[in-house]
2 protein chains.
Amino acid sequence: MTPPTTAARSRLEPETRRRQIIEAVRPLYLARPYNDVSTAELAAAAGVARGLINHYFGSKRDLFLEVMRSSIRMPAEELPDLSDLPLPERVRRTMDWILTAAETYGPSWVSVSGAANLHGDSDLQLVVDEADDHAARLTLDAIGLPDDPRLRARLRATAALVKSVCREWLQRGTLTRDEALDLLTDTVLLFATKETS
Amino acid sequence: MTPPTTAARSRLEPETRRRQIIEAVRPLYLARPYNDVSTAELAAAAGVARGLINHYFGSKRDLFLEVMRSSIRMPAEELPDLSDLPLPERVRRTMDWILTAAETYGPSWVSVSGAANLHGDSDLQLVVDEADDHAARLTLDAIGLPDDPRLRARLRATAALVKSVCREWLQRGTLTRDEALDLLTDTVLLFATKETS
DNA sequence: CCCGACTATTGGCAAAGTGTCAATAGAGCG
DNA sequence: CGCTCTATTGACACTTTGCCAATAGTCGGG
């Protein structure tokens with residue numbers, strides 16, 4: 001992998017080094033569980049001394065969370081302008097865009113999507129929640145609804161559904177893309193418009 | 001907590017000891033993250049030597065998964081008989097039953113529900129998947145639909161939604177119970193009946 | 001062009017945690 | 001009463017983590 005005799009020590013600007021480490025480390029966490037990757041391995045992959053990881057991120061865990069944070073976030077760019085279409089069509093186009101994104105950036109997004117952590121891993125849960133909230137806001141914006149707290153709570157809930165549907169479609173093949181699109185469109189529409197009785 | 005001079009060594013049947021350890025350890029994992037609990041602490045809580053944990057479960061991780069497995073499973077008993085009602089009503093009653101269960105057994109179920117782990121934590125993901133599949137089967141049975149693979153895949157997907165809606169309702173208070181019930185009923189009905197176009 | 005200060009980076013240390021294994025000691029049976 | 005079986009223990013070896021003082025790039029002033 002990395003040449004055994006790594007190049008001489010290079011001195012980078014802190015911000016640059018931070019990013020470089022995160023990027024160098026990402027593939028490791030994509031492939032293997034948190035506990036299976038040692039600080040030594042992380043440092044080796046980034047081509048730095050072990051101590052530097054603690055220096056920049058505090059702890060191994062914090063680096064992990066940083067990587068997750070940047071892997072989970074739904075890519076926001078390139079959302080088409082849908083303002084002229086009727087609501088149901090706007091929702092459908094948005095869901096279609098999400099499915100395409102999942103297909104493309106997918107591997108890292110869907111597998112992450114799968115879940116937060118459970119029980120005590122509240123730190124990771126927080127990161128996932130934050131990402132879901134972000135996705136909810138993006139979705140509301142895309143379909144042209146106001147960013148009301150109640151609406152956002154509902155959309156946040158559907159984020160979990162989007163992820164699990166994507167897993168059924170992409171990883172298990174138990175749903176077709178069209179089915180996924182139909183189901184998600186109807187559900188999001190339902191969550192976004194159903195009044196409190 | 002535990003008296004420093006723990007009672008003399010007690011000799012139990014393997015199966016009994018297994019269960020005793022799992023139960024003794026559960027509250028620890030309910031309160032704190034996996035990594036924050038050491039084998040020493042687990043052993044102390046169960047009143048046994050550290051080595052015994054490895055003897056019975058192989059590794060610390062395996063004990064953890066065992067605890068999760070038994071915490072996640074949706075309680076199956078006491079499902080009312082709904083066979084006389086029309087489908088939509090059967091779905092509604094079933095969702096209502098689930099919400100009540102979440103409210104009761106909730107703390108451990110909902111928080112677990114939140115999710116699996118991500119990326120590489122495939123072992124935990126497997127446990128959660130298994131639980132979702134189990135829940136899907138129970139739900140199909142309760143609402144009186146055949147256990148078709150395609151249907152089950154769809155219900156499995158909604159399991160994630162049920163969990164996240166419960167979290168919005170119980171932990172954040174952003175949804176009322178009635179709203180949750182309405183939304184889940186409609187969605188499950190949708191997933192259970194919508195034909196492939 | 002060289003020197004000195006600043007700080008990014010390193011390498012080794014000490015504490016903590018995990019898994020293994022041979023030795024110990026309950027419990028039932030002849 | 002002593003023997004065997006095996007649940008249980010305690011100590012050992014190894015890995016991993018976080019910390020800290022020492023090292024060495026890089027930039028600015030003389």
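By convention in this document, chain letters (A, B, ...) are assigned in the order of the sequence lines, proteins followed by strands, and residues within each chain are numbered from 1. Fair warning: this is a prediction, and the values are worked out from it, not measured in the lab. Worth knowing before you read on, the calculation uses all heavy atoms, side chains too, and leaves out hydrogens, waters and symmetry mates.
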Whole-Å distance, B/F57 CZ to D/dT8 P, equals 11 Å
Options D/dT16, D/dG18, C/dT9, nucleotide nearest the side-chain atoms of A/R17: C/dT9
Sidechain N-carboxylate O distance under 4.0 Å for B/R177, B/D96: yes
Using a strict 4.0 Å threshold on nitrogen-to-oxygen distance, state whether B/D132 and B/R156 make a salt bridge. no
Considering only heavy side-chain atoms of A/V48, the closest of C/dT9, C/dT10, D/dT17 is C/dT10
Rounded to the nearest angstrom, tell me the gap between atom CZ in B/R9 and atom C1' in D/dT6. 11 Å
Is the shortest side-chain N/O distance from B/T39 to OP1 or OP2 of C/dG17 below 4.0 Å? no
Using a distance-only criterion (donor-acceptor N/O pair, under 3.5 Å, no hydrogens), is the base of C/dT7 paired with the side chain of A/R11? yes
Residue-phosphate contact under 4.0 Å: A/Y56 side-chain N/O, C/dA8 OP1/OP2: no
With distance as the sole criterion, is a donor-acceptor pair present between the side chains of A/R26 and A/S70 under 3.5 Å? yes
Checking only heavy atoms, does the side chain of B/R50 share a donor-acceptor pair with the base of C/dG17 at less than 3.5 Å? no
In terms of the nearest nucleotide of DNA chain D, which residue is placed more toward the 5' end: B/G51 or A/K60? B/G51
Which nucleotide in C/dG17, D/dT8, C/dT10 has an atom nearest any side-chain atom of A/A49: C/dT10
Output yes when B/R18 and B/E66 qualify as a salt bridge under the 4.0 Å nitrogen-oxygen rule, no when they do not. yes
